[in-house]
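Order of listing sets the numbers, starting from 1, for every ligand and every atom in it. Heavy atoms only: backbone and side chains are in, while hydrogens, waters and symmetry mates are out. Note that the coordinates shown come from a computational prediction; the quantities given were computed from them, not determined experimentally.
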Amino acid sequence: MLSTESLVAQSFLKNQNRPILPQSIYAKRRQEFLARLGKGVAIFASAPSLIRSNDTEYRYRQNSDLYYLTGLTEPESVCLLAPEHPEHKFVLFVRPRNQEKETWEGRRFGPEGAQAYFNADATYSIEKLDEELPKYLEKIDLIYYSLGQDSRFDQRIINQIKYFRSMRRRNGIGPYVVIDPIEILQEMRLIKSPEEQELMRYSANIAAKGHIAAMEQVKPGMYEFEIEAIIENEFRRSGALAPAYNSIIGSGANATILHYVENNKQLQDNELLLVDAGAEYEYYCSDITRTYPVNGRFTKEQREIYEIVLSAQLLAIEQVKPGVAFDDVHKVALNTIVDGLLDLGLLEGDREEIIKEKKHEKFFMHRTSHWLGTDTHDVGKYKIQEESRKLEPGMVLTVEPGIYIGENPDVPIKYHNIGVRIEDDLLITNQGAEILTSAVPKQIKDLENIIGRRI
Ligand code: GLY
Ligand code: MN
Ligand code: MN
């Protein structure tokens with residue numbers, strides 16, 4: 001049995017030093033999932049291919065759960081995990097080989113190739129799904145399936161359930177309970193193994209490189225999409241499949257729109273630029289935000305707002321360690337932001353009152369953190385029995401407070417169109433937390449030094 005260290009070491013591609021997960025990791029995950037399942041059959045369908053326009057498609061991205069359990073990235077595939085089956089505990093359905101289709105659309109594993117590569121107990125052509133699936137379901141009680149992700153595939157499962165409803169009346173056996181496997185999977189996915197941590201680190205490094213490149217090249221007169229191009233160039237050339245989400249490159253007033261993605265405005269002197277961009281590398285996401293002046297110098301008001309957000313973020317990060325409640329990270333950030341806005345006179349009254357009445361939400365309207373992993377907003381419960389969850393080693397979360405001031409008539413004009421968010425990705429360790437994205441400058445003096453230095 002190889003040690004974890006040697007598995008991680010082995011997983012690096014020699015020529016590029018890019019980490020990938022060996023198949024043994026997926027096998028280990030399936031073992032754990034099968035053990036937690038105990039009974040029934042779990043069914044995971046691939047994500048549908050989506051049309052972008054006419055007959056061209058969006059770049060394909062596999063369903064996160066199917067990927068997590070198999071590493072299979074092909075569309076039109078299905079994975080069954082069947083703990084009660086004597087031999088076929090891991091079954092794959094994939095597209096059949098087809099020379100003409102492969103010439104037009106790309107290579108396929110085919111059932112034989114998939115069997116060899118993924119070491120499945122049985123593989124079939126996806127065309128045989130409706131014929132073969134009932135054989136795996138007819139003697140069990142439980143189906144584990146996540147309804148509501150793909151309505152066309154849902155209908156196929158519903159057809160099976162309808163069929164087995166009548167069979168069960170006749171034979172007294174067959175599935176009649178449908179359970180969402182997310183309850184099991186989200187707990188597994190929430191805690192990142194050492195191998196996954198390595199991928200998260202790499203994904204964070206790619207994103208950090210992109211942000212640093214943008215800072216070095218930014219100057220007034222450029223367009224937001226040029227910044228997007230600089231950043232995404234680093235992502236792709238480092239092996240990322242794509243940005244983890246549409247990059248948010250908002251200058252001036254656009255920085256106050258949380259999910260601004262048009263990215264088509266020209267950067268003006270004296271504006272702040274908010275850049276929220278992360279990479280998806282081998283299905284692991286990073287998520288970084290930095291905000292800085294386009295010309296390299298903060299104005300007085302920009303600096304005032306920035307310093308509040310920065311101290312909120314630094315104090316919140318200090319909280320992040322095992323045993324601390326997820327919500328307490330937000331509370332520290334929120335208190336700091338409200339105190340800062342009170343000092344500037346942008347909020348009035350008592351801190352606790354303001355928070356209770358949600359008056360801060362006109363400036364800080366989102367939460368401070370979310371889980372991060374195979375999905376940018378990763379799976380995992382934030383509360384257990386209504387209590388905020390305690391952080392544990394292996395969890396990864398963002399810390400991303402912000403202040404957004406639009407053209408609010410209640411606020412002096414000098415603060416208008418200032419939007420600031422600062423976001424880092426943190427891995428909980430046994431001792432505290434590792435800031436995966438710490439390479440990207442965020443102190444004012446460091447930003448002022450780096451901005452525009454490669455123009
Ligand atoms: N970029 C999405 C987020 O920060 O949650
Ligand atoms: Mn985020
Ligand atoms: Mn973000």
Just to the nearest 10 degrees, tell me the angle at the Mn ion (ligand 2) spanned by Glu423 OE2 and Asp287 OD2.
90°
Nearest 10° is fine: what angle sits at the Mn ion (ligand 2) between NE2 from His370 and OE2 from Glu400?
80°
Nearest protein heavy-atom contact for atom 5 (O) of ligand 1: which residue, which atom, what distance?
His377 NE2, 2.7 Å
Protein contact to atom 3 (C) of ligand 1 [nearest heavy atom, distance to 0.1 Å]
Asp287 OD2, 3.3 Å
With backbone taken as N, CA, C and O and side chain as the heavy atoms from C-beta onward, which portion of Thr398 lies under 4.0 Å from ligand 1: side chain, backbone, both, or neither?
neither
Pair [X] + [Y]: basic N to acidic O under 4.0 Å:
X: Arg189; Y: Asp375; result: yes
X: Lys321; Y: Glu392; result: no
X: Lys445; Y: Glu448; result: no
X: Glu57; Y: Arg52; result: no
X: Glu434; Y: Arg201; result: yes
X: Arg290; Y: Asp276; result: no

N/O to N/O below 3.5 Å, does that happen between His259 and ligand 1?
no
So is there a nitrogen or oxygen of Arg421 less than 3.5 Å from a nitrogen or oxygen in ligand 1?
no
Would you mind listing which atoms of ligand 1 come within a distance below 4.0 Å of any non-hydrogen atom of Glu423?
4 (O)
